Amino acid sequence: MDTTSKKYNIVTFGCQMNKADSERMAGILEEMDFQWTEEPNDADLVLYNTCTIRDNAEQKVYSYLGRQAKRKHQKPDLTLVVAGCVAQQEGEQLLRRVPELDLVMGPQHANRLEDLLQQVFDGNQVVATEPIHIVEDITKPRRDSKVTAWVNIIYGCNERCSYCVVPNVRGTEQSRTPEAIKSEMSDIGKQGYKEITLLGQNIDAYGRDLPGSTPEGRHQHTLTDLLYYVHDVETVDRIRFATSHPRYFTERLIKACQELPKVCEHFHIPFQSGDNEILKAMKRGYTHEKYRRIIDKIRHYMPDAAISADAIVGFPGETEEQFNNTLKLVEDIGFDLINTAAYSPRPGTPAALWEDQLSEEVKSDRLQRLNHLVATTAAERSQRYLNRVEEVLVEAQNTKDTAQVMGRTRGNRLTFFPGKIENLLGKTVKVKITEYRAFSLTGEMI
Ligand code: SAH
Ligand code: SF4
Ligand code: F3S
């Protein structure tokens, strides 16, 4: 098929892994001479990179997909692709549900997009969901930002928390080699990026599948070692990493973050629940006491570190008292940000089959109460920035007020201040904070 002057659009749902995968797939399409269009209805190829972490994420995909499937009846040469986690979960069934689809491809196949499309252009309807060894990414991602970039360091997850689809759809852990990571980071640095976020669903597991690991679970390559190894990447000023699992979080890692100037003082460590019985049922492998000790340790070394997390309310069987333990943890710790969610039963996960599911009313009531508390404590955390001078890396114009630019502090607080994006994009500047809100700050450049 001749792809000259063909246009493509990608719609991305879900987490940073999906965003990073979409950037790599966009890079592949551009190498194939496809051109980006903002408007899916103008595109010759539409790719949905999907998420199935909760039911509402999955349903959203079907409604988008329905519209493009209809358009295909008018435009038979439209190529329709579903990638990502719904693709992996549904596989062949997705073709039965939406026969207009050309390609269904799981997340492990993202780097194979060109290959798979070739089969489509040869006239096949293709499903690629078998587990594979992820091929090293040799393509050039089309990165959305000119300032910040993502680098995957480990794919998949071996944890099997009882509520979670991720291990089913992302497969078993596969770490990239330190050399491959360092080389991608140094390319990114040479292109002028200022900040890199290392990505993994369970980033502390990094390295345990690489040669050199022992059956006792000790491994030579750890996230901590990797941070030391990649730290000196030229021109990049900031390094972040996510997501951390409380089960594996080590004091060595905290010390490394304190010692290495480019590693930002921000930790994203989901706790999911503040109740030990619920944590056990979730199969998380730690207690709330252990979680509190980790935070104490972080604050011992870095008193001002920002702490964010994820939490689930309304897990099967959660009593009012157990939910209150989550509220208590949130109150005690003082988080800078928490992504909260009502529990959603997912196909193929143990907890979905349990009988003690809670009603939607109870779940949404708890979610509201938790969100209220999160906003209150986040505002208290924001307040500490008032009148302080913070280093802000400028990422974009403020879309709501074009006289302002938007950046982040090292602790990852969104910060707005008056300035011209032409002069400031990619610069790290000192900003005096003059106003605070729960999740963002306003200031003036000094
Ligand atoms: N690997 C990370 C998180 C991955 S999924 C970790 O272990 O913490 C992102 C978040 O989605 C999770 O932290 C959890 O809070 C939420 N989540 C996952 N499955 C869910 C479900 N079935 N219902 C509601 N929220 C869920
Ligand atoms: Fe899901 Fe648990 Fe793995 Fe996180 S650690 S991705 S919650 S199974
Ligand atoms: Fe969603 Fe898949 Fe990420 S289910 S949260 S896109 S790993």
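These figures come from a predicted structure and were not determined experimentally. Ligands are counted one by one from 1 in listed order, and the atoms in each one are counted from 1 as well.
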Working for salt bridge (Lys or Arg N to Asp or Glu O under 4.0 Å), residues Arg24 and Asp21: CA-CA 5 Å; Arg24 290 205 311 280; Asp21 290 348; 3.0 Å; yes
Should the pair [X]-[Y] be classified as a salt bridge under the 4.0 Å nitrogen-to-oxygen rule?
X      : Y      : answer
Asp42  : Lys75  : no
Glu320 : Arg369 : yes
Arg346 : Asp55  : yes
Glu159 : Arg247 : yes

Would you check the N or O atoms of [X], main chain and side chain alike, for any that come under 3.5 Å of an N or O of ligand 1?
X      : result
Asp310 : yes
Tyr343 : no
Gln272 : yes
Tyr163 : yes

Among all protein non-hydrogen atoms, which one is nearest to [atom], and what is the separation to 0.1 Å?
atom                    : answer
atom 11 (O) of ligand 1 : Arg54 NH1, 3.6 Å
atom 2 (Fe) of ligand 2 : Cys161 SG, 2.3 Å
atom 23 (N) of ligand 1 : Ser344 N, 3.0 Å
atom 1 (Fe) of ligand 2 : Cys164 SG, 2.3 Å

Sub-4.0 Å atoms of ligand 1 with respect to non-hydrogen atoms of Arg346: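 In order of number, 22 (N).
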Contact atoms of ligand 1, heavy-atom distance to Ala341 under 4.0 Å: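 Counting atoms of ligand 1 from 1, those under 4.0 Å from Ala341 are 25 (N).
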Under 2.8 Å from atom 2 (Fe) of ligand 3 - protein N/O/S, by chain and number: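 Protein N/O/S atoms under 2.8 Å of atom 2 (Fe) of ligand 3: Cys85 SG.
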Please classify the [X] to ligand 1 contact at 4.0 Å (heavy-atom distances, strictly less than): side chain, backbone, both or neither.
X      : result
Arg284 : side chain
Gln201 : both
Ile312 : side chain

Proximity flag Gln201 to ligand 3, non-hydrogen atoms under 4.0 Å: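 The answer is yes: ligand 3 sits under 4.0 Å from a heavy atom of Gln201.
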Ring geometry between Tyr286 and Tyr291 (parallel below 30°, tilted from 30 to 60°, perpendicular above 60°): tilted
Mind checking whether [X] and [Y] have side chains closer than 4.5 Å, heavy atoms only?
X      : Y      : value
Arg208 : Asn158 : yes
Leu358 : Arg366 : yes
Phe439 : Leu337 : yes

Derivation of the side-chain hydrogen bond (donor to acceptor under 3.5 Å, both in side chains) call for Arg96 and Gln93: CA-CA 5 Å; Arg96 301 223 170 86; Gln93 285 177 50; over 6 Å; no
Trace of the side chain to side chain contact (heavy atoms under 4.5 Å, CB included) decision for Phe416 with Lys400: CA-CA 10 Å; Phe416 304 99; Lys400 291 194 189 131; over 6 Å; no
Option nearest atom 4 (Fe) of ligand 2 (shortest heavy-atom distance, choices Arg284, Glu159, Gln272): Arg284
Lys60, NZ atom: more than 12 neighbouring heavy atoms under 6.0 Å: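 Atom NZ in Lys60 is not crowded, with 12 or fewer foreign heavy atoms closer than 6.0 Å.
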Minimum-distance pair of heavy atoms, taken over all atoms of Cys257 and Leu227: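 Looking at all heavy atoms of both residues, the closest pair is SG-CD1, 4.4 Å.
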Minimal non-hydrogen separation, Lys363 against Pro345, with atom names: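 For Lys363 versus Pro345, the nearest heavy atoms are NZ-CD, 4.3 Å.
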Ring-ring centroid check Phe335 Phe271, cutoff 6.0 Å: yes
Phe241 and Tyr206 aromatic centres sub-6.0 Å: no
Could you tell me which atoms of ligand 2, counted from 1 in the order shown, lie closer than 4.0 angstrom to a heavy atom of [X]?
X      : result
His245 : 5 (S)
Tyr163 : 7 (S)
Arg160 : 8 (S)
Pro167 : 8 (S)

Spacing of Glu23 atom CD and Arg142 atom CZ [to the nearest 0.5 Å]: 9.0 Å
For ligand 2, the portion of Asn202 having any non-hydrogen atom under 4.0 Å away: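 For Asn202, there is no contact with ligand 2 at all, from either part.
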Contact check, Ala342 vs ligand 1, heavy-atom distance below 4.0 Å: yes
Ligand 1 contact by Ile53, heavy-atom criterion under 4.0 angstrom: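 Heavy atoms of Ile53 do come under 4.0 Å of ligand 1.
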Whether Arg170 lies under 4.0 Å from ligand 2, heavy atom: no
Asn276 and Arg284: CA distance, side-chain angles, deciding distance, side-chain hydrogen bond (donor to acceptor under 3.5 Å, both in side chains) verdict: CA-CA 10 Å; Asn276 286 347; Arg284 289 289 289 180; over 6 Å; no
Presence of N, O or S from Cys157 under 2.8 Å of atom 1 (Fe) of ligand 2: no
